[in-house]
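Below you'll find the structure, written out as structure tokens, and then a few comments.
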Amino acid sequence: MLDPKLLRDNPDKIRKMLEARAVNFPLDQLVETDKERRALIIRTDELRKKRNEISVEVARKKKASEDAAKLIEQMRSISEELSKLEELQTETEQRYTKISLSLPNLIHESVPIGKDESTNREIRGWGKVPIFDFKIRDHLDLTQSLDLVDLERAAKVAGARFYYLKNKLVKLNQSLIQFALDFLSDKNYIPVQTPYLINRSSMEGAIIAQDFEDVIYKIDGEDLYLIGTSEHAVAAMHSDEIIDSKNLPIRYAGVSPCFRKEAGAHGRDQKGIFRVHQFDKVEQFVFSRPEESWDEHERMLSIVEEFYQKIELPYRIMLLSSGDLGKVSAKTYDLEAWMAGQNSYREIVSCSNCIDFQARRLKIRFRDRTDEQPQYLHTLNSTLVATARTMVAIMENFQTKDGHIAVPKILQKYIGANII
RNA sequence: GCGGGGGUCGCCUAGCCUGGUAGGGCGUGGGAUUGCUAAUCCCAUGUCCGUAAGGACUCGUGGGUUCGAAUCCCACUCCCCGCGCCA
């Protein structure tokens, strides 16, 4: 949600953003509805004022045991008119909210303008792409020959894009989670394991309407949705709260499974466990003062880079262009890891500053002193590790000539082995 | 799932029975007073509309009764206590 004042004072700024994102949005309709709703507020406020004045008079007369019948008759007609207007107001308010909830976030000035991923900008790279002196295999091949993943039975039991992890891959999955949590704890992040199902109003705080269709699973007959990432549950943690600024920034290490419908991804990445309906993730989520959020954003990215250097995965950092940017984010870096089996870099991390967009939706504010106007804070989120994709990268990059997988040094003590 | 108790401004609390402008304390900021500090006293302290003056709203949420609801009625929700079931 954007600052409603922007809608009135500078709609062109919003128009520019929509253009840069190449998004169709009924901006004029929103501006019009905002006008309607404000006019209605003024009219109902006036009527209420009148009613309150008469009500005080009624009370006074009754106390003095005078006749108030005439006034009460007036009250009756005001109340009648008011309830009609209120109905109209509620309807207008709902219409306004519905449209404004689907309005995407503003874009930071450093974001390159461009229509899709082809205009993303490479910021830097790290590590050497491995060179093999044997014929390499992709991760699907490796998981089948080493009996690490059962896709056929998962398809039978749950459907496409599900999987059974088996044997040492189960341990690798746990090791990545454990290492990630230790790593963030050392940096004073607060570990938090979230609810995996949350209600609609919480979900609406973190995502935009279209995502309900494309990514989010709903529990039939309940006001419950499976989280697409712990970000959704952590963001809503402090909804409707005013946070004492001396507690900022609040840095959480969220851990949870992630559930995604992947609607519209038919045919893409069908192989193996790269694009799946369920995976585990450790996530950085930060509540920050507005003036500190851009530094915080860079800090989160540097933490991500340190992590992947420790597990020795070659990567490059991409700055997403306006057309590829998520609707709730003002600026996003992706980390793309080298995947030998696909001979390309693939996205495994997304690091975003959502500025005050989620905070407005969730009413998360802060202040320095208790007599001060509270103001919206900024929220940021970044993957630390999404296990399925990171395991794909590890398997493909660390494969050995004899068809096994070397375990990155830092994970060996967690998994209790140096080869899979 | 059943029975009982509860949810009031950032925090704590009064008001609810008996309907008529939501009061007090803490915290925080400002001011007064005072060698300094402390204590004391005064003012401010949520959201929305409005350039402003000002006004409206706000008592877990949503309905209802009433001229008028924090207060009465109904439903839902969350927390606490007891019982039941249960990994």
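Quick caveat, the model's predicted, so the values are computed rather than measured. Lettering of chains follows the sequences in order, A, B, ..., and the numbering in each one begins at 1.
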Considering every strand and a 4.0 Å limit on heavy-atom distances, what is the contact class for A:R60: base, sugar-phosphate, or nothing? nothing

Which stems, defined as runs of 3 or more consecutive Watson-Crick or G-U wobble pairs with both pairing distances under 3.5 Å, involve RNA chain B? B:1-7 with B:77-83, B:10-13 with B:23-26, B:27-32 with B:40-45, B:46-49 with B:54-57, B:60-64 with B:72-76

Stacked cation flag A:K271 on A:F274, 6.0 angstrom / 45 deg: no

Using a 4.0 Å heavy-atom cut-off, does A:V56 contact any base of the nucleic acid, only the sugar-phosphate backbone, or nothing at all? nothing

Can you measure A:I42 atom CD1 to B:rG50 atom P for me and round it to whole angstrom units? 6 Å

Less than 4.0 Å between a side-chain N and a carboxylate O, is that true for A:R361 and A:E204? no

Could A:D295 and A:R289 be called an ion pair, given the rule that one side-chain N must be under 4.0 Å from one carboxylate O? no

Please give, in whole Å, the distance from B:rU77 P to A:R200 CZ? 19 Å

To the nearest Å, give me how far apart CZ (A:R365) and P (B:rC9) are. 13 Å

So A:S79, base contact, sugar-phosphate only, or nothing? Heavy-atom distance under 4.0 Å. sugar-phosphate

A:K363 NZ to B:rC48 C1': how many Å, rounded? 12 Å

When A:E46 and A:I242 are each assigned the nearest nucleotide of RNA chain B, the 5'-most assignment goes to A:I242

Heavy-atom donor-acceptor pair, A:T90 side chain to A:E86 backbone, under 3.5 Å: yes

Distance in angstrom units between A:D240 CG and B:rU47 P, rounded: 13 Å

Nearest-neighbour nucleotide for the A:R76 side chain, B:rG55, B:rC67, B:rC48 considered: B:rC67

Measure up the A:Y252 and A:F287 rings against each other and bin them: parallel (under 30°), tilted (30 to 60°), perpendicular (over 60°). perpendicular

Min side-chain heavy-atom separation A:D280-A:C258 under 4.5 Å: no

Over how many whole Å does the gap from A:Q373 atom CD to B:rC9 atom C1' extend? 14 Å

Residues A:E306 and A:K310 bridged, charged N to O under 4.0 Å: yes

Counting only side-chain heavy atoms from C-beta out, which of B:rA56, B:rC67, B:rG46 sits nearest to A:R48? B:rA56

For B:rG50, does either OP1 or OP2 sit under 4.0 Å from a side-chain N or O belonging to A:R38? yes

N or O in side chain of A:R43 less than 4.0 angstrom from B:rC49 OP1/OP2: no

Nearest nucleotide by nearest heavy atom, which residue falls closer to the 5' end of RNA chain B, A:I54 or A:K50? A:I54

Looking at B:rC57, I'd like to know if its phosphate oxygens (OP1 or OP2) sit under 4.0 Å from a side-chain N or O belonging to A:N52. yes

Aromatic plane relationship, A:F307 with A:F179 - under 30° parallel, 30 to 60° tilted, over 60° perpendicular: parallel

I need the CD1-C1' distance between A:I243 and B:rG27, as an integer number of Å. 18 Å

Candidates B:rC48, B:rG46, B:rG68 - which lies nearest the side chain of A:R367: B:rG46

Using only side-chain N and O atoms of A:R51, determine if any of them is under 4.0 Å from OP1 or OP2 of B:rG55. no

Return the value, rounded to whole Å, for the distance between atom CD of A:E93 and atom C1' of B:rU47. 12 Å

